[in-house]
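Inspection log for the structure reproduced underneath, given as structure tokens.
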Amino acid sequence: MKEFCVSDAPNAVSKKSDKPEQNAWSDTLRLPKTDFPMRAGLAQREPAWVQRWLDNDVYGELCRMRLAEKAPAYIVHLGPPYANGRMHMGHALTYTLKDFVVRSKFMAGFYSPYAPGWDCHGLPIEWKVEQDLRAEGKSKHDISKTELRARCRAYAQKWVDVQKADWQRFGALGDWDHPYLTMAPKNEAGIVRELGKLVQRGLVEKNLRSTQWSWAEETAMAEAEVEYKDVTSTAVYVALPIVGRENEHLVIWTTTPWTLPANRAVAVKVDEDYCSIEVAAAARNGSELSPQLGKKLWIAESLLEAFTNAVGIGGHVVTKQKGEQLVGWQYQHPLYNTVQPVVEGFHVTTDAGTGLVHIAPAHGAEDFVIGKQFGLPLECPVDGAGKYVAGTPSLPLTGEVIEGKLIWPMQKLILAELEQSGRLLSAKDFQHSYPVSWRSKEKLIFRTTEQWFVSLDKPIKGLIAEQPELEISLRDASLARIYGKDAKGHAARKVNWVPEYGMNRIGSMIENRPDWCISRQRAWGVPITIFMVKKTGVDGVENGLVTDPAVFEHVAKLIEAETIDAWDSRIEAGRVAELFPPNWLESRGLTVADVEPVTDILDVWFDSGTTHAHVLRAEGGEGQRFHRTDGKRPADLYQEGSDQHRGWFHSSLLTSVANYGDAPYENVVTSGFVVDGEGRKFSKSLGNGVEPHQLMDKYGMDIIRLWVASSDYSEDIRYSPQIMDSMADAYRRFRNTFRWLLGNLNGVADVDVDVASLPELERYMLHRLGTVLAEVRGHYDAYQFHKGYRALYEFCGTELSNFYFDVRKDVLYCDAASSATRKATVAVLVQVFRGLVTHLAPLMPFTTDEAWRERYGEDACVHKERFQTVPEVGVEESRWTGLFETRDAVNVELEKLRTAGGVGANSEASITLADAGVPAELLREVLGVSKVSFASGLSVAKHDGHKCPRCWRYYDTVEESGLCLRCDEAVTESNMTQGAA
RNA sequence: GGACCAAUAGCUCAGUUGGUUAGAGCACCGUGUUGAUAACGCGGGGGUCGUAAGUUCAAGUCUUACUUGGUCCA
């Protein structure tokens, strides 16, 4: 404990007394005295304070305290950051906000366990590792998958350690010794178990999907691997004869003629105007008359001019139709002797082309969707190496064979075929930006590939836990949790979305999303531990997939022991049998030849999307810290940026509803993004970005935390040097308030307030303090930290500094120790100190803890305290409203007198005003003047009496000592106390 | 191109169901103190509420369009 000066004696020794010109009476005053420095030095001192909290295991002790108290739980769950790169401002924002919640819940008496965590698998890391390999002159094929994963694991761990240090520096309270890592074997096993449940529920299916594909590397391309480059393509206009309409043609436009063999439909925009023109003039080859003369060509009216210019034909409009009239027409395939339909296309625009869109479901994302919508064939006629598959028909007129040939050289042959059939209107090379492989820089193509999906629309039982018999789709059950009921009226207890618009945002995403593709053809991720079985009628096999929980559990146990390598390494080594429990295959009459393990890995969103299970609901071990018995969902709060409506909030909701029939969270709070002073996002080109460590070095974390606290995070929050400077000013206000309080309470132990005997001013201040603090706790409960911050800041500034402290300086400095008013004031200041510091502790943990230790000793820690509450005091508010109006009016008059040179400080003034039932002494104190007397009307004047050299107030009479009566008695009492000691 | 969100003094924020001359704190200007002094007090100036229409007796507050910015998607 810190040593206190137990005596209540005035500061007998004051450095100021060395100054000869100093008023001798100063030594007899009780001036504030404290070692709490005016300058914080946060940037230098905070790191040591972080270490102190860790060394003292503040978090652990808090948990043990609350568990011992059987406190209710409040669980904040964290969306794991990706283990790559330093922490940026967005991290600083969201982890600070979460820390506000965790700390304020602990201080409100909750048990609030909080584990940091990291998202460790996935392409970005695998990719980085591949780059490192290339730097060593190797490729990923030169090393085993196991070794590749080992490198990925090491890479992720490196960044986990870096980020952990950054994160702790933010001042975040949490279980730093037990973070969760999605690459930890127990979590990897937990992820596999969640997949198993999904499979057992019948929600996992294999289906075709349109994938960006690099034919050069023969691999699927993830979004992040796609680059855009200027390349040359051939744009063609092709006329397709319409079935049953003599001489009429649909004109399509495409920049990928190699996809024409895969043409399965033409799409139109239903509300667009289309017209047909009769070709009256054509000059394709100079003088030569084109074979197009006299043909009737259909095209979107708004694109007619661009088309005729591009193709070089003239003609007049014959007929017009709405797009919807064209739907249902049939046309001749561009190359083959088949008939294809005209369908509605949701994606058709009139930006370019003809408004009649060539649909090759195998070769485009939107084409694929339309293909599915209208039941068109989806098979891909191009293989992984970019060659037309065997069985692709030869071109009928020219007889050219294209099967087994690379698509690119075949384009010329296809154009020649079209030329010969008279269907080619024009072909022109042009440059455009087009997706290419980041590695080979070759153009990417779309292919349909087989992938694994979570079905959003298959109705099954158990997706709404309260209604176990209800058959409902994952989509509808999720919507029921989002809105409280789905479109069909199925009710369910909803999630609380803060701000409320988050509900519509995630709702519309769930409503419109396709099935969730969970497979990736990669190495660094949790394997899709599914076995496909061709034989039917096998126990524990449904729809061709092994669903027996025993098998998934067996694999999970292996992964728990050996990491995800357990799966691949056995498959590669031909030891698939080991992936089954003993005798499992044999007892069913199966051999390893009958089962085919999937070698894809899971989408990394599945890892983080199941943390509610493998972190919060995990049985035993570290999962135990989150187990709750109050019947609530696993987490009280998920809080992340609004991008997570598509990300983590979304994936977590789907997996939790699917496997547990309920949302994983009670509340979802979203924040905006950190933007610059003009509201623009940080970008390298604008050069407007800033990193947390730069700010911590300049200002210190508590000031950054105040910036977060002062901002309404439901919108984007602005950063600028000007804003930070104003936060530094705000910080100084708080710090000085602490300092003054500490100075005045120095040497005084905490005392209880005796509400009954308080002076009216103290009753009022206690009432105000209690009101403000209760308000602040309410704001914290509603996650409205900026309102709590504001309430505290304005209370500090206006009611304490401007008013109460200013008024009570006289009593604190000058009154005798035995003065009842002084004792009452000190008692209230204790409440003020404890109230302010505890309520600010979640927002600025460093400085509040510093102040707390200054008062209560080095072993004290404000973060182990609860919010200080204040005794109820009945106060007549209107009386004080009137008093403050009087004060304002008097101040205006005093200012006039001051400007005229009549008075300096208010204490030089004497006031006359009407008696409004407020005692003259209270008025005098509140106004800060030396004398108040009652008469009609308001007047201010310089007090013409004697100035007490000790308290500087003016009096009509003085004592023999030259002091006022109050000071005379105070000095006498002080001398007696010292004499006795 | 689509969905969602935002736009109030230099800055950060308040402005209930539309209703008197739009508020606060900070910053700024002036000033007083020099016993919170790299601090504290007092006074003052400053927004017509992104733009434009509309509804209404009445709009920052409702509607529409647009502009700017943000997130997600295409």
Side-chain angles (χ1 to χ4, degrees), chain A residues 11 14 16 22-23 25-34 36 38-39 346-347 349-351 365-366 369 499-509 511-513 641-647 650 670-681 706-707 709-712 714-718 720-730 732-733 735-744 784 786-787 789-791 793-798 801-803 805-807 809-810 812-814 887-888 890-899 901 903-908 928 950-952:
Chain A
N11 302 316
S14 166
K16 298 268 168 94
Q22 195 71 29
N23 183 332
W25 295 112
S26 291
D27 295 349
T28 70
L29 297 172
R30 289 179 183 76
L31 297 179
K33 184 174 174 242
T34 176
F36 190 74
M38 175 167 280
R39 302 193 65 188
F346 67 92
H347 69 308
T349 66
T350 49
D351 297 341
E366 289 147 339
V369 172
E500 210 173 330
Y501 67 73
M503 177 173 74
N504 291 324
R505 201 169 145 87
I506 192 170
S508 73
M509 287 174 182
E511 249 165 81
N512 297 315
R513 67 158 298 150
S642 61
D643 54 334
Q644 299 304 333
H645 284 119
R646 178 154 294 271
H650 189 116
T670 45
S671 54
F673 285 71
V674 180
V675 296
D676 74 8
E678 269 73 56
R680 283 186 309 251
K681 63 177 162 187
L706 277 189
W707 164 68
S710 71
S711 303
D712 177 359
S714 67
E715 298 169 23
D716 287 341
I717 89 168
R718 296 187 181 208
S720 70
Q722 185 194 354
I723 293 169
M724 286 314 292
D725 286 345
S726 71
M727 293 328 299
D729 286 345
R732 252 176 262 129
R733 162 80 79 172
R735 189 171 181 89
N736 262 304
T737 302
F738 292 168
R739 184 161 181 270
W740 190 83
L741 284 165
L742 285 165
N744 282 289
Q784 299 270 303
H786 73 287
K787 293 191 173 168
Y789 159 84
R790 171 167 299 273
Y793 183 60
E794 295 193 356
F795 183 68
C796 268
T798 59
S801 280
N802 296 10
F803 176 62
F805 292 174
D806 201 39
V807 168
K809 276 184 208 170
D810 174 65
L812 286 164
Y813 298 173
C814 305
R887 184 168 179 261
D888 288 344
V890 168
N891 271 334
V892 169
E893 292 306 311
L894 278 171
E895 187 63 19
K896 285 182 195 161
L897 185 60
R898 187 162 22 242
T899 312
V903 290
N906 283 15
S907 60
E908 294 172 30
R950 183 168 176 272
C951 70
W952 298 344

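Letters A, B, ... are given to chains in the order of the sequence lines, protein chains preceding strands, and every chain is numbered from 1.
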Can you find a donor-acceptor pair, distance only, under 3.5 Å between [X] side chain and [N] base?
X	N	result
A/E893	B/G43	no
A/R39	B/A38	yes
A/R790	B/U12	yes

Looking across every strand, which nucleic acid part, if any, lies under 4.0 Å from [X] by heavy atom: base, sugar-phosphate, or nothing?
X	answer
A/T798	sugar-phosphate
A/K809	base
A/H786	sugar-phosphate
A/D643	sugar-phosphate
A/M727	nothing
A/A730	nothing
A/G672	nothing
A/R735	nothing
A/S801	base
A/T899	nothing

In whole Å, what separates the [atom1] atom of [N] from that of [M]?
N	M	atom1	result
B/U48	B/G2	C1'	35 Å
B/G35	B/G10	C1'	36 Å
B/A3	B/A65	P	10 Å
B/G47	B/G23	C1'	11 Å
B/A53	B/A14	P	29 Å

Where the side chain of [X] is concerned, which of [options] is the nearest nucleotide?
X	options	answer
A/S711	B/C13, B/C11, B/C42	B/C13
A/N736	B/G43, B/A36, B/U31	B/A36
A/R898	B/G25, B/C42, B/C4	B/C42
A/R732	B/G35, B/C26, B/A39	B/A39
A/M509	B/C72, B/G43, B/U71	B/C72
A/K787	B/G15, B/A27, B/C11	B/G15
A/D806	B/U34, B/C40, B/G32	B/C40
A/R733	B/U12, B/C40, B/U34	B/C40
A/E895	B/U37, B/G43, B/A3	B/G43

Rounded to the nearest Å, what distance is computed from the [atom1] atom of residue [X] to the [atom2] atom of nucleotide [N]?
X	N	atom1	atom2	answer
A/Y813	B/U34	OH	P	13 Å
A/I717	B/C5	CD1	P	21 Å
A/R646	B/C5	CZ	P	16 Å
A/N891	B/G41	CG	C1'	9 Å
A/E908	B/U31	CD	P	18 Å
A/E715	B/A7	CD	C1'	8 Å
A/E511	B/G2	CD	P	19 Å
A/F795	B/C26	CZ	P	15 Å

| query | So A/W707 and A/M727, side-chain contact (heavy atoms from CB on, under 4.5 Å) or not? Walk me through it. | reply | CA-CA 6 Å; A/W707 164 68; A/M727 293 328 299; 3.7 Å; yes
Side-chain contact, heavy-atom cut-off 4.5 Å: [X] with [Y]?
X	Y	answer
A/R739	A/T34	yes
A/R732	A/M38	no
A/R733	A/Y793	yes
A/T798	A/F803	no

| task | Would you mind telling me which residue lines up with the more 5' stretch of RNA chain B, A/C951 or A/L894, judged by nearest nucleotide? | result |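 Nearer the 5' end of the strand: A/C951.
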| query | How do A/G502 and A/W740 order along RNA chain B: which one's closest nucleotide is nearer the 5' end? | reply |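 The residue whose closest nucleotide sits nearer the 5' end is A/G502.
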| message | Between A/R790 and A/S710, does the side-chain hydrogen bond (donor to acceptor under 3.5 Å, both in side chains) criterion hold? Intermediate values first, please. | response | CA-CA 7 Å; A/R790 171 167 299 273; A/S710 71; over 6 Å; no
| task | Identify whether NZ of Lys or CZ of Arg in A/R735 sits under 6.0 Å from the centre of the six-membered ring of A/F36 and within 45° of that ring's axis. | result |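 Yes, A/R735 sits over the ring of A/F36.
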| field | A/D676 vs A/S720, side-chain contact (heavy atoms from CB on, under 4.5 Å): CA-CA, chis, key distance, verdict | value | CA-CA 6 Å; A/D676 74 8; A/S720 70; over 6 Å; no
| request: Carefully, step by step, assess A/I717 and A/F673 under the rule side-chain contact (heavy atoms from CB on, under 4.5 Å). | output: CA-CA 6 Å; A/I717 89 168; A/F673 285 71; over 6 Å; no
| message | Using side-chain contact (heavy atoms from CB on, under 4.5 Å), reason through A/D806 and A/S801 one step at a time and then give a plain yes or no. | response | CA-CA 6 Å; A/D806 201 39; A/S801 280; over 6 Å; no
| Just by protein heavy atoms under 4.0 Å, how would nucleotides 62-70 of chain B read 5' to 3' in B, S and -? | -------SS
| note | Pairs under 3.5 Å (Watson-Crick or G-U), crossing ones as [ ], inter-strand ones as |: RNA chain B comes out as (((((((..((((.....[...)))).(((((.......))))).....(((((..]....)))))))))))).
| query | Any Lys/Arg nitrogen of A/R646 or A/D643 sitting under 4.0 Å from an Asp/Glu carboxylate oxygen of the other? | reply |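 No.
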| query | Will you find, in the side chains of A/N906 and A/R898, an N or O donor that is under 3.5 Å from an N or O acceptor? | reply |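 A/R898 and A/N906 do have a side-chain donor-acceptor pair below 3.5 Å.
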| Test item: side-chain donor near acceptor, A/R718 and A/S711, under 3.5 Å |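 No, A/S711 and A/R718 have no side-chain donor paired with an acceptor closer than 3.5 Å.
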